[in-house]
Amino acid sequence: VSRIREEGLKAAKIHTDDTPVPMLVPGKGKTAQARLWTHVVDDRASGSTGPALVWYKFTLDRSGIHPQTELKTFTGLLQADGYAGYDKLYQDGRIREVACWAHFRRKIFENHQASPTPLTTDLLERIAGLYRIEDDVRGQPPDIRRQQRQEHSKPQIETLHSVIDDALRRLSPKSSMAKALTYGRKRWDALTRYLGEGIAEMDNNIAERSIRSIAIGRKNWLFTGSKAGGTRAAAISLTMKVTCFAQFNATTSRPERTKISIQMQRPLALTDAFCWPSQPDGQRRRRPAGPYIITDVPALRHGRTGPA
């Protein structure tokens with residue numbers, strides 16, 4: 001696990017996110033809200049043939065000291081949400097923030113769902129246009145992605161900037177729509193940083209996908225029984241399992257994995273991902289970003305994660 005983290009911190013770009021995890025409070029008979037943090041390195045959308053890797057960290061709370069400590073040796077682009085705990089990481093310029101358009105769009109969409117207006121419709125269509133450009137450049141090398149974004153995305157974003165500023169002059173500052181637009185305008189530099197960085201993504205969905213199964217899994221397991229149990233789950237059941245299967249999936253096709261499973265007369269296991277040899281780089285298959293699927297999390301199941 002330490003080796004995975006060490007290799008991840010050498011990357012030029014990391015995606016990070018976090019999600020709440022209930023933890024049993026010893027002797028209290030109730031749970032407190034702990035956090036599970038994900039850190040993902042996945043550059044396949046920018047043409048990299050290397051496999052993805054991901055590591056998780058369990059903490060007792062969401063204090064900013066946790067990401068600040070975890071990423072203190074990292075230098076590069078950090079794709080994250082607008083959580084203030086990351087702010088200290090950006091102060092010396094060693095780490096540059098790349099904000100998430102999906103978060104910004106979601107705030108506009110919530111207003112659109114509640115009360116559709118020509119403004120919300122127009123903004124959502126403009127953002128959809130930016131995503132269509134991203135679809136066209138997915139899998140291309142960083143220089144091509146940067147060139148296409150400068151030629152096609154940048155003019156659209158400049159127009160979008162004017163539309164948002166005009167709307168903010170007309171909207172009540174206390175309205176929910178004004179608050180949604182202000183969220184984006186305050187982060188405009190970080191939101192538009194991807195235009196000049198070919199390896200950057202327009203959103204942080206890669207990180208969100210890596211913890212989606214944890215959020216879904218909360219319906220199947222109750223809590224982590226202790227800090228030690230949560231730490232073990234983050235290290236063994238998540239970091240090792242997800243990274244190894246991500247590498248395994250990146251080097252084998254679905255029919256090949258099915259064939260291997262039939263030959264073994266059982267479903268593929270974590271140890272199979274460990275021992276399976278990688279193909280030569282020239283034969284490595286590129287897959288869409290974010291193949292993170294966790295079918296179960298034994299160390300979190302039904303709260304049995306070690307001594308309370």
Side-chain angles (χ1 to χ4, degrees), residues 7-18 37-55 67 70-71 73-83 85-87 89-107 126-158 160-161 183-211 246 250 286-292:
E7 290 300 313
L9 291 173
K10 296 176 185 177
K13 171 176 65 75
I14 291 177
H15 293 258
T16 185
D17 202 358
D18 67 287
W37 306 76
T38 181
H39 310 82
V40 188
V41 176
D42 189 349
D43 293 327
R44 289 170 293 168
S46 56
S48 173
T49 57
L53 65 82
V54 54
W55 76 95
E70 190 70 11
L71 300 171
T73 63
F74 171 64
T75 298
L77 301 175
L78 184 65
Q79 304 226 202
D81 58 25
Y83 171 50
Y86 296 119
D87 290 349
L89 290 169
Y90 309 134
Q91 289 179 353
D92 61 3
R94 177 176 52 86
I95 296 177
R96 290 173 293 156
E97 178 186 10
V98 182
C100 179
W101 278 88
H103 277 80
F104 183 30
R105 180 194 178 278
R106 194 172 301 144
K107 293 181 181 296
R126 290 179 185 276
I127 295 175
L130 295 173
Y131 271 102
R132 285 192 291 270
I133 297 172
E134 291 305 296
D135 289 339
D136 293 339
V137 301
R138 184 166 294 114
Q140 297 296 318
D143 56 338
I144 300 297
R145 285 159 60 91
R146 182 182 182 281
Q147 178 184 355
Q148 292 297 311
R149 288 167 174 172
Q150 291 291 316
E151 291 180 2
H152 303 290
S153 302
K154 187 176 180 180
Q156 293 187 28
I157 284 181
E158 289 173 348
L160 178 59
H161 181 283
Y183 172 91
R185 282 297 286 112
K186 286 182 177 179
R187 294 165 176 80
W188 200 253
D189 287 345
L191 281 171
T192 57
R193 183 157 287 125
Y194 84 100
L195 295 174
E197 301 287 347
I199 63 171
E201 297 300 320
M202 185 177 168
D203 56 39
N204 197 32
N205 287 349
I206 288 176
E208 292 193 8
R209 280 193 292 267
S210 73
I211 57 173
R286 254 196 338 260
R287 296 173 62 82
Y292 314 108

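For the pair Gln147 and Gln140, the minimum side-chain heavy-atom distance is 4.5 Å or more. By the 4.5 Å heavy-atom criterion applied to side chains, Arg105 and Asp203 are not counted as neighbours. Two residues are said to be in side-chain contact when any heavy atoms from C-beta on lie closer than 4.5 Å; His161 and Trp188 meet this criterion. Put simply, the side chain of Leu9 reaches to within 4.5 Å of the side chain of Trp55, judged on heavy atoms. Using a 4.5 Å heavy-atom threshold, the side chains of Leu78 and Glu97 count as separate.
By the salt bridge (charged side-chain N to carboxylate O under 4.0 Å, His left out) test, Asp143 is found to be paired with no residue, residues two or more places apart in sequence or in another chain being considered. Taking Arg94 as the reference, Asp92 meet the salt bridge (charged side-chain N to carboxylate O under 4.0 Å, His left out) condition, with sequence neighbours excluded. With sequence neighbours excluded, the residues that form a side-chain hydrogen bond (donor to acceptor under 3.5 Å, both in side chains) with Thr38 are Ser210. Legend: residues meeting side-chain hydrogen bond (donor to acceptor under 3.5 Å, both in side chains) with Asp135, ordered by chain and number and at least two apart, are Arg138. His152 is linked by a side-chain hydrogen bond (donor to acceptor under 3.5 Å, both in side chains) to Gln148, counting only residues two or more places apart in sequence or in another chain. The salt bridge (charged side-chain N to carboxylate O under 4.0 Å, His left out) check on Arg96 picks up Glu197, with sequence neighbours excluded.
Atom CG of Leu130 and atom OG1 of Thr192 lie 11.0 Å apart (nearest 0.5 Å). Once rounded to the nearest 0.5 Å, the distance linking NE2 of His39 with CG of Asp18 reads 9.0 Å. Note that the CG atom of Leu89 and the CG atom of Leu71 stand 6.0 Å from one another [nearest 0.5 Å]. With values rounded to the nearest 0.5 angstrom, Phe104 atom CZ is found 10.0 Å from Met202 atom CE. In this structure, CD in Glu7 is found 4.0 Å from NZ in Lys10, a value given to the nearest 0.5 Å. Ile14 contributes atom CD1, which lies 12.5 Å from atom CD1 of Ile206 (distance to the nearest 0.5 angstrom).
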* To do: Give the C-alpha distance, both sets of side-chain angles, the deciding distance and a yes or no for side-chain contact (heavy atoms from CB on, under 4.5 Å) between Asp81 and Asp17.
  => CA-CA 7 Å; Asp81 58 25; Asp17 202 358; 3.5 Å; yes
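When every heavy atom of Lys13 is checked against every heavy atom of Asp42, the shortest pair comes out as NZ-O, 3.4 Å. In plain terms, the two heavy atoms of Ser46 and Pro142 that are nearest each other are O-CD, 3.3 Å. When all heavy atoms are compared, the tightest approach of Gly85 to Pro67 is O-CG, 4.1 Å. Considering all non-hydrogen atoms of both residues, Ala11 and Val41 come closest at CB-CG1, 3.7 Å. Nearest heavy atoms, Pro155 versus Gln150: CD-O, 3.7 Å. Of all non-hydrogen atoms in Ala52 and Arg44, the two that sit nearest each other are CB-NH2, 3.6 Å.
Salt bridge absent: Glu201 and Arg209 never bring a charged side-chain N and a carboxylate O closer than 4.0 Å.
Trp101 and Glu134 share no donor-acceptor pair across their side chains, judged by distance under 3.5 Å alone.
Results of the side-chain contact (heavy atoms from CB on, under 4.5 Å) test with Tyr194 over Arg146, Gln79, Arg149 single out Arg149 as the only residue that passes.
For the pair Asn204 (side chain) and Thr16 (backbone), a donor-acceptor distance under 3.5 Å is present.
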